Number of protein chains: 2
Amino acid sequence: MEAVIWKRPCVSALRSCGPFATCGSRGTFGFRNGGRALHRTFILRVINSTGSGAVVARPSSARKYKRSEGVDRKLAALRQLFHKPGLQMDAYIIPSQDPHQSEFIAECFMRRAFISGFTGSAGTAVVTKDKASLWTDGRYFLQAENQLGPDWTLMRAGTPGVPTVSEWLTDVLSPGSKVGIDPFLFSSDAAEELKHTLSTKDHKLIYVYDGNLVDEIWKEDRPKPPAAPVRVHDIKYAGLDVSSKISSLRQNLVEAGATSIVISMLDEIAWLLNLRGNDVAHSPVAYAYLIVELDSTTLFIDPSKITPEVIVHLRNSNVTVKPYESLLLEVERLANCGAKLWLDTICTNVAIVDAFHSACNKYFENLPKRSKQKSIKERNKLLNAKSIDSEMEGPLAIHKASPVAIAKAIKNGAELDGMRQAHLRDAVALAEFWTWLETKVVQDKTTFTEVEVADKLLEFRSKQAGFLDTSFDTISGSGANGAIIHYRAEPDTCDIVDDKKLYLLDSGGQYVDGTTDVTRTVHLGEPSSREKECFTRVLQGHIALDQAIFPENTPGFVLDVLARSSLWKIGLDYRHGTGHGVGASLNVHEGPQGISYRYENMTGLQGGMIVSNEPGYYEDRSFGIRIENLVIVRDMETPNRFGGNSYLGFEKLTFVPIQSKLLDLSLMSPAEIEWLNNYHSEVWEKVSPLIQGDVHEWLWKNTRPVPVNSTA
Amino acid sequence: MEAVIWKRPCVSALRSCGPFATCGSRGTFGFRNGGRALHRTFILRVINSTGSGAVVARPSSARKYKRSEGVDRKLAALRQLFHKPGLQMDAYIIPSQDPHQSEFIAECFMRRAFISGFTGSAGTAVVTKDKASLWTDGRYFLQAENQLGPDWTLMRAGTPGVPTVSEWLTDVLSPGSKVGIDPFLFSSDAAEELKHTLSTKDHKLIYVYDGNLVDEIWKEDRPKPPAAPVRVHDIKYAGLDVSSKISSLRQNLVEAGATSIVISMLDEIAWLLNLRGNDVAHSPVAYAYLIVELDSTTLFIDPSKITPEVIVHLRNSNVTVKPYESLLLEVERLANCGAKLWLDTICTNVAIVDAFHSACNKYFENLPKRSKQKSIKERNKLLNAKSIDSEMEGPLAIHKASPVAIAKAIKNGAELDGMRQAHLRDAVALAEFWTWLETKVVQDKTTFTEVEVADKLLEFRSKQAGFLDTSFDTISGSGANGAIIHYRAEPDTCDIVDDKKLYLLDSGGQYVDGTTDVTRTVHLGEPSSREKECFTRVLQGHIALDQAIFPENTPGFVLDVLARSSLWKIGLDYRHGTGHGVGASLNVHEGPQGISYRYENMTGLQGGMIVSNEPGYYEDRSFGIRIENLVIVRDMETPNRFGGNSYLGFEKLTFVPIQSKLLDLSLMSPAEIEWLNNYHSEVWEKVSPLIQGDVHEWLWKNTRPVPVNSTA
């Protein structure tokens, strides 16, 4: 999947999609999904639980969204709620988020789409007493124009002269206005920044705890929160039991002087508890919160999702279950007990952070007067300090990045093995698929729509053992559509795949043992020399990155140039990162590592991490090229270890032929051709034993070595 | 010269040499020379003005420094001064700086060497009532041990457990102590940070304005401040007249809302006024300050340095001359006149910044009471603001990086042409030199000391037209000495250059029209296969960087990996940056651009900048390899210009053969061999017409193409 780099703070994310960018050092809204949710779908949840726990993905041709009607009445109803007793608001912001800053969200959280009618994956709606504006980025201008009703103004984010949400709000509201938000939908950092910006014109930010206002209009039509059963992620894939993982986490807590932590990222909870869910599309996670204390672990989740198997699993790991809704009460209890609570304010919603801070303040207010002042002062000093005395009297908030992200990013042997196995089955599905497409288009002279092709691919993947879902919405782009980096083919409007144009296919699967993400670009007829030159240079970038060897802990951005150099030589480039982290049978986008020109992500690459390698080139209104493999970061046994460092390199996970027809061999060095031939030989060795017949033949043809050119 | 990256704040610099590193985001002391002064010499100023303005550099064999004696008495005398009326200090810090944060300093500023006896280029002496400690880094541990008297403690900076200067001070002094510094020797930012650290234990930092305490002990033995005449830098080399440069600078002032600026970096003054000086070794600059106002320009300099020619030159550019010592009075006058003064607090000493701030405070104190408070508040808000209303009543300090640094870094056509010409003459000197060395060592079986070889090189350079000085102390390292990155051969202890070992020679010249800096590594006998592999990989890095093409404004650090990749492949690396900026007949190290693994320098590369390309590899106690050319950043006419960007690349300035004998051709790609053959063909074309006889023959032999290896 095209490399949208997962980044904890919103900076780089906003840089990539730009819809909400007032931000200096931090995004105004800190929408974590600014980067991650570029591919968020508005597709209704289509995975159905069938009988024995097997699930079937519905093809995307069946996915359609009916345009909402009666937007005006919705706006009127929402504005009525501004005057609810105790509120008296002047504006309400409806973001795209769920309470967990997830990339893919459940339908019941698609409030922005409901209120505005705009169903694109990224956007923010803002409603004042007399105005309604929707911000989205360049990918969605056309769609938003079509979907927004006459009462809405489209704010083309990133276009010169278009204000950001907070700029606009501070401008259109009279000084001293009140702006409401649902505190569950804003990360603490984002809310703080919004509050700060609004305060420059004496506006006040109000947290509306008492239910989301859009839900009050949506009423019984609002989809029910997902209640899909949770399943145990088998230890043979997880590799490490829950007790060991929690024990390491407690070690992190102790080292930081913390006594407890709230985890709100769904993939972190799934990873930590060796559980998988089925609440949203593409990501095998369940809506939940987790509190880990030094002597107890509590999972906050809808109890109806917990099967007997899971009950046993959790009991074995000493995990208690409480209702999802009881989290804030528990957070308040922690304050009352004097907990030193670790909070990752970049991804934890402000409802949680605010609840804890309020409870802390109450705690200190109830202290005898003389010790109160001193205590609060001392604590303020300690915020963000390196070491904290956990014996210190009274509660304390420790604002720090969650340690689970990096623990999850460094895969263990079982996780890596699961990823390898899943990739082999994925390779089989892809070999079958490409054989089918080539036969149909080249031999039978049939054409298909982009959506039909994507559906056929899903059909092949679905036949593979352990297949659960696509890992994101397939990007199936023929000709000029391939140049739209975040292209989403729609049945009614999409182009055909034929032998006249380049065809870019970026897709991935969720399997019980792993997650895949692969892009290939092919021409089923005769590519032009321009297309061949560009494809060759993209491949050269891919090869240069794949072959890189580098000292451990080198930040990913250092390697980014390797993937671009060959394009730069002729004045070409691409406007996305080169690699993102990938979860093991978890989210297809995960952090904190990445390979990108976003230089502020200093996360060092470490053995066991998984990243994508996906340079591309996009020629507007003409064609798009991307070549993507997933790779494991691993120790390379270099003959030297200068500075006592380990030197790392990449092990390929993806084994799908690269179309040699698209190469201009005269541009390639002997070493580059050798890389290609070795890769194809490896593809043949690993995949051919798993296939038969015409697929076997197709793979044989498509893995033959190309001649080494001795003059380049 | 080995790539010590010039960096405005001390962060990256400290990372490289580490001697004073308490620092978090900024170095404790902000010694700008942390990076730049790694090669600062303690050599007495040896350039003598002779008759008609010609200058002769004295060979380094004649340079010796006599170890100081009687350190104890000096310490006692210094401590006496702690009790001067009005002082009552508990400690005094003696840094290596001059008042301009220069890389090379005049002898009269070498106070740290005088007081401590330690003559290395980097170090800080701290004297308390009962202790005397000297901090220096790994390069100088041995030298410091030998030179420090028994009353001194050597603090091995960068070694585990060794406190930084401020850590040590806060520890050894009883709370509430007073630490004195000479405010002219600390940048404003460094002083502020020191003050902050000391305040954590209630210590006070005192600016001793009333003369440097070391000078009071040094007395009449203290060398006189340099008084070498200043000369006009010919417009044919400068390319742009002073009025145009000052007019651009005034444009910068107006845009920033400033009405005046103090410039204290000596190379910035030299560049802006098209003047060159002769006050320190290696850098053709003169001690001076400059104040540019919107309608006047004042040069603060010892008037005895101003020749009649310079008087006319300055008058033509409407530059007034005032005595060097009168700067602070003028700064106070500016405050009294309500100036909005631009101050670069990273490089401007705290004496100046403090003088202006104090005068501002006085200004506001003398205002009618009612407007005073409001005014000061308003002004505090404005500090560091983007746009300032220069019509606003009263003075204001605008803390901002000097705009002259970047203006100077982007060379104009005449400067580039001067650099090209100087490099050709330098290439002639080097061809003569290498012919001489090879003949003597290989044919005549003579050996020389490292110092003798360096002196011989100076002899050849001195014969070239327009030669003025070496641009830094020659690094002449045979065998294991080549592995000491900052090696300085000393006549008494240095090794011999023979046909048994690798020999690394890093040297440069100052010419009237340009500045050179070149490193070559050779073996005059039979290199080992290890040496060949390492040399080949260093060259591959050099080639990869040289061939890079990249979008304009790419930060230099992005390219750094290109120079390291080939070494990383076998687990090797080097512990210095890859490229530093170079002045045009000015300082051999200049910023703000650089190519380094110090990722915080976001300065984008732009056409007209000059940088070095100098990867290396150093095997402790065995050998050192470095291959360095200077290159011009220039527009490349790429067939595409994606994103409307210019794409930049490098034009080589240095034309000196690279020893083919040291290559393992089997490791090199055809493209790399082609690069080498093209380079040598260019060297031959450009340099052969300028030489005769055996030098001509040597150049012919050393620029022959090597065979392309078709299997790599």
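Throughout, protein chains are lettered first and strands after them, A, B, ... in sequence-line order, and every chain is numbered starting at 1. What you see is a predicted model; the values in this text were computed from it and never measured.
- Considering OH of Tyr597(B) and OG1 of Thr554(A), their distance stands at 12.5 Å, rounded to 0.5 Å.
- Using a 4.5 Å cut-off between heavy atoms, Gln547(B) contacts chain A through both its backbone and its side chain.
- Both the backbone and the side chain of Phe642(B) have a heavy atom closer than 4.5 Å to some heavy atom of chain A.
- Proximity to chain B is limited to the side chain of Leu562(A), based on heavy atoms less than 4.5 angstrom apart.
- When all heavy atoms are compared, the tightest approach of Leu559(A) to Trp568(B) is CD2-CZ3, 4.4 Å.
- No other option in Val561(A), Asp573(A), Asn645(A), Leu567(A) has as many heavy-atom pairs under 4.5 Å with chain B as Asp573(A).
- By the side-chain hydrogen bond (donor to acceptor under 3.5 Å, both in side chains) test, Asn640(B) is found to be paired with Arg530(A), residues two or more places apart in sequence or in another chain being considered.
- For Glu533(B), the side-chain contact (heavy atoms from CB on, under 4.5 Å) test picks out Arg537(B), Ile570(B), Leu667(B), with sequence neighbours left out.
- Of the residues considered (Ala548(A), Gly643(A), Pro551(A)), Pro551(A) shows the highest number of contacts with chain B, using heavy-atom pairs under 4.5 Å.
- Of the two parts of Tyr574(B), only the backbone, made up of N, CA, C and O, holds a non-hydrogen atom closer than 4.5 Å to a non-hydrogen atom of chain A.
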